[in-house]
Amino acid sequence: MRIADVSRKKDGRLEVDVLVSPRSNRSGPEGFDQWRKRLVLRVRAPPLDGRANKEVEETFAEITGMRAEVTAGHTSRQKTVTVYGDPAKAEEALDASAASRRPGAPQPHIRDA
């Protein structure tokens, strides 16, 4: 799957369907849920007082370099995140990030000094 399969390009923004996994041991994209057609995103924050939503927005902003906002599913694990800016650039950045974290994807080798 790719980001294009779980998102919609609108005028000046990209809407991405996301499945959030709160209280995770790390943050970032973890691949795709093919059944729900959503990007799986792990966040460390608990789902209390909007902390997980805030981390979702921060993670998307960090990956794309654009402003991001949870626009649907504020109290659900299934959310829609809107990234404001060039949809093609946002999609490209998210694809690159999701591909690098996909299970089974080659990971960079770290040498021992």
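Side-chain atoms are counted along with the backbone in the values below, which use heavy atoms only and exclude waters and symmetry mates.
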Apply side-chain contact (heavy atoms from CB on, under 4.5 Å) to Arg44 and Ser27, showing your working.
CA-CA 6 Å; Arg44 293 180 183 192; Ser27 293; 3.5 Å; yes
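- With respect to the salt-bridge test (charged N to carboxylate O, under 4.0 angstrom), the residues Asp17 and Arg36 do not qualify.
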Would Val56 and Val43 count as a side-chain contact (heavy atoms from CB on, under 4.5 Å) here? Give the steps.
CA-CA 7 Å; Val56 167; Val43 294; 3.9 Å; yes
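- With contacts defined as side-chain heavy-atom distances shorter than 4.5 Å, the pair Glu57/Val70 qualifies.
- Val40 and Val16 fall into different hydrophobic clusters, where Ile, Leu, Val, Met, Phe, Trp and Tyr residues are linked whenever their side-chain heavy atoms come under 4.5 Å apart, directly or through other members.
- Note that the CD atom of Glu91 and the CZ atom of Arg8 stand 12.0 Å from one another [nearest 0.5 Å].
- Closest of all the heavy-atom pairs between Ala90 and Leu14 is CB-CD2, 4.0 Å.
- For Thr82, the side chain to side chain donor-acceptor pair (under 3.5 Å) partners at least two apart in sequence or on another chain are Thr71.
- Between the side chain of Asp33 and the main chain of Trp35, a donor-acceptor pair closer than 3.5 Å is present.
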For Val81 and Leu39, run side-chain contact (heavy atoms from CB on, under 4.5 Å): C-alpha distance rounded to whole Å, both residues' side-chain angles, the deciding distance at 0.1 Å, then the answer.
CA-CA 10 Å; Val81 178; Leu39 172 69; over 6 Å; no
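- Looking at heavy atoms from C-beta onward, Phe32 lies in side-chain contact with Val6 at the 4.5 angstrom threshold.
- Within the 4.5 Å cutoff, the side chain of His74 has heavy atoms near those of the Asn53 side chain.
- A 4.5 Å side-chain heavy-atom check between Arg77 and Ser21 finds at least one atom pair inside the cut-off.
- Remark: Ser76 engages no residue in a side chain to side chain donor-acceptor pair (under 3.5 Å) (not counting sequence neighbours).
- Glu15 and Arg13 are joined by a salt bridge, as a carboxylate oxygen and a charged side-chain nitrogen come within less than 4.0 angstrom of each other.
- With sequence neighbours excluded, no residue forms a side chain to side chain donor-acceptor pair (under 3.5 Å) with Glu92.
- The shortest heavy-atom contact between Gly85 and Met66 is CA-SD, 3.8 Å.
- Residue-environment remark: CD (Glu58) exceeds the threshold of 12 foreign heavy atoms within 6.0 Å.
- Atom CD of Gln34 is separated from atom CE of Met1 by 6.0 Å, given to the nearest 0.5 angstrom.
- Cation-pi check for Arg67 over Tyr84 is met; the charged atom lies under 6.0 angstrom from the ring centroid and within 45 degrees of its normal.
- Atom CG of Leu94 and atom CD1 of Ile3 lie 5.0 Å apart (nearest 0.5 Å).
- Contact check on Arg2 versus Asp95 returns a salt bridge, with a Lys/Arg side-chain nitrogen under 4.0 Å from an Asp/Glu carboxylate oxygen.
- The minimum heavy-atom distance linking Ala52 with Pro47 is given by the pair CB-CA, 4.0 Å.
- In this structure, Arg23 and Leu48 have side chains that are in contact, with non-hydrogen atoms separated by less than 4.5 Å.
- Using a 4.5 Å cut-off on side-chain heavy atoms (C-beta onward), Glu55 and Thr59 make contact.
- Counting all heavy atoms, side chain and backbone alike, Ser97 lies closest to Pro29 at OG-CG, 3.2 Å.
- The backbone N or O of Pro87 sits nowhere less than 3.5 Å from a side-chain atom of Lys9 that would complete a donor-acceptor pair.
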